[in-house]
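Quick note on labels: first sequence line is chain A, next is B, and so on, each numbered from 1. Model, not experiment: these values are computed from the prediction.
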There are 2 protein chains.
Amino acid sequence: MMTPGKVAIGTKNLFMPSPVTLVGANVNGKPNFLTVAWCSIVNNFPPMVSISLYRIRHTRAGIKENGTFSVNIPSSRQVEVTDYCGIFSGKNVDKSRVFDCFYGKLKSAPMIVSCPMNMECSLHSTHSIGTHDLYIGNIVEIYVDEDCLTDGMPDIRRIDPMVCTWKGNYWLIGEFVAKTFDAGKRYKP
Amino acid sequence: MMTPGKVAIGTKNLFMPSPVTLVGANVNGKPNFLTVAWCSIVNNFPPMVSISLYRIRHTRAGIKENGTFSVNIPSSRQVEVTDYCGIFSGKNVDKSRVFDCFYGKLKSAPMIVSCPMNMECSLHSTHSIGTHDLYIGNIVEIYVDEDCLTDGMPDIRRIDPMVCTWKGNYWLIGEFVAKTFDAGKRYKP
């Protein structure tokens with residue numbers, strides 16, 4: 001018997017909200033970037049991030065070739081170019097000139113100058129799942145635009161990242177709700 | 001040489017924004033819930049979700065015991081109880097009475113009635129990474145509050161989920177920016 005008020009909508013991947021990132025890798029020596037929403041921190045010490053990529057994705061060859069990739073956080077001002085990188089594959093269009101790039105410690109993970117936050121990653125492991133492969137990377141360095149830091153830490157209001165829903169919309173970050181590891185102290189069981 | 005305007009802030013797990021979820025499992029036959037921000041869709045067909053849990057987490061025993069878990073999306077009205085579940089461990093406090101629960105197809109993954117969206121999962125695989133273990137689950141069903149659906153699909157404005165930053169704040173979802181797989185058509189390379 002269904003719980004009153006609840007509707008079962010099937011086995012869909014309708015998680016929300018998902019972060020909006022641009023994942024970069026050098027494919028045949030040229031930077032390529034792909035829009036990725038299926039991205040998460042997965043380990044604390046050392047810090048690691050995961051990205052899930054459809055098996056036909058062009059970027060995968062570059063990650064395999066170099067053992068490196070980048071996760072770039074675009075600001076909402078970059079929504080059109082961000083979405084462009086998700087619609088058009090590097091197999092068909094040359095995305096190497098879309099962004100000005102810079103390189104860090106690893107020398108082979110292209111990062112986007114105009115994105116306010118950039119995570120430089122070395123490949124830790126690859127896990128074949130189904131239609132997608134999960135790539136886990138060690139975060140070897142994070143770069144942030146100087147004017148997006150507050151007390152040396154990345155400031156979400158200045159970075160102005162987006163979240164999205166699956167085959168849906170991009171959304172801004174809204175109002176402050178509460179502090180983490182703090183609001184719960186006011187809860188009375 | 002550093003790229004002008006960029007500041008290297010080290011190897012941190014400062015990804016943003018992260019979704020806010022409550023992961024549930026029955027531990028020794030009693031529902032337990034844990035706040036999880038390191039959560040992402042990882043596969044399309046079949047739909048799968050990943051959660052990353054610190055190795056000492058109480059909830060892990062329940063996932064192992066039953067091979068099932070739930071991912072619940074709280075609304076911003078639930079911020080205090082959501083944060084509470086992240087501060088206090090099921091090892092020390094009994095969280096089984098915090099929420100009214102319901103069960104679905106799997107019979108052993110407790111889901112939170114008051115959360116507007118619930119994902120019922122069967123364990124697909126576990127990956128030991130470092131301080132954390134990654135649990136990948138098949139999404140066997142999604143339940144949504146009837147009044148949070150628009151045309152049969154979960155409506156982010158009605159569900160009113162939150163995002164967070166690491167050791168930072170909870171934030172609301174803000175204004176609409178653009179449609180996915182659409183805004184990029186207006187970008188001119």
Q. A/Leu14 and B/Ile142: which non-hydrogen atoms are nearest, and at how many Å?
A. N-CD1, 3.9 Å
Q | Toward chain A, the part of B/Ile173 with a non-hydrogen atom under 4.5 Å | A | both
Q. Relative to chain B, which of A/Ile139, A/Thr165, A/Val163 shows the most heavy atom pairs under 4.5 Å?
A. A/Ile139
Q: Write down the atom of A/Leu134, the atom of B/Leu134, and the distance for their closest heavy-atom approach.
A: CD2-CD2, 3.4 Å
Q.
Heavy-atom pairs under 4.5 Å with chain B - which of A/Ala37, A/Ser125, A/Cys39 has more of them than the others?
A. A/Cys39
Q. Can you tell which of B/Glu141, B/Lys179, B/Glu146 has the highest number of heavy-atom pairs within less than 4.5 Å of chain A?
A. B/Glu141
(Q) If you count heavy-atom pairs within less than 4.5 Å of chain B, which of A/Gly10, A/Gly5, A/Pro19 leads? (A) A/Gly10
Q) In Å, rounded to the nearest 0.5 Å, how long is the span from CE of B/Met16 to CG of A/Asp155? A) 7.5 Å
Q: Enter the distance from B/Ile9:CD1 to A/Tyr143:OH here, rounded to the nearest 0.5 Å.
A: 11.0 Å
(Q) Quick check: closest heavy atoms across B/Pro189 and A/Tyr84, and the distance to 0.1 Å? (A) CG-OH, 3.4 Å
Q: Can you tell which part of B/Ile73 gets under 4.5 Å to a heavy atom of chain A, answering side chain, backbone, both or neither?
A: side chain
**Q.** Atom pair OG/NE2 of A/Ser50 and B/His127 - distance to nearest 0.5 Å
**A.** 10.5 Å
Q) Does anything in residues 40-49 of chain A get under 4.5 Å of chain B by heavy atoms, and if so which residues? A) A/Ser40, A/Ile41, A/Val42, A/Asn43, A/Asn44, A/Phe45, A/Pro47, A/Met48
**Q.** Neighbourhood of chain B inside residues 107-122 of chain A, taking heavy atoms under 4.5 Å as contact
**A.** A/Ile112, A/Val113, A/Cys115, A/Pro116, A/Met117, A/Asn118, A/Met119
Q. Between A/Phe176 and B/Trp171, how do the two ring planes meet: parallel, tilted or perpendicular, split at 30° and 60°?
A. perpendicular
Q | Inter-residue atom distance A/Tyr187.OH - B/Ile87.CD1, 0.5 Å rounding | A | 12.5 Å
Q) Side chain of A/Asp145, backbone of B/Lys6: donor and acceptor closer than 3.5 Å? A) no
Q: Would you mind checking which part of B/Lys188 comes under 4.5 Å of any heavy atom in chain A, side chain (CB onward), backbone (N, CA, C, O), both or neither?
A: neither
Q: Mind checking the NZ-CG spacing from B/Lys167 to A/Asp182? Nearest 0.5 Å is all I need.
A: 14.0 Å
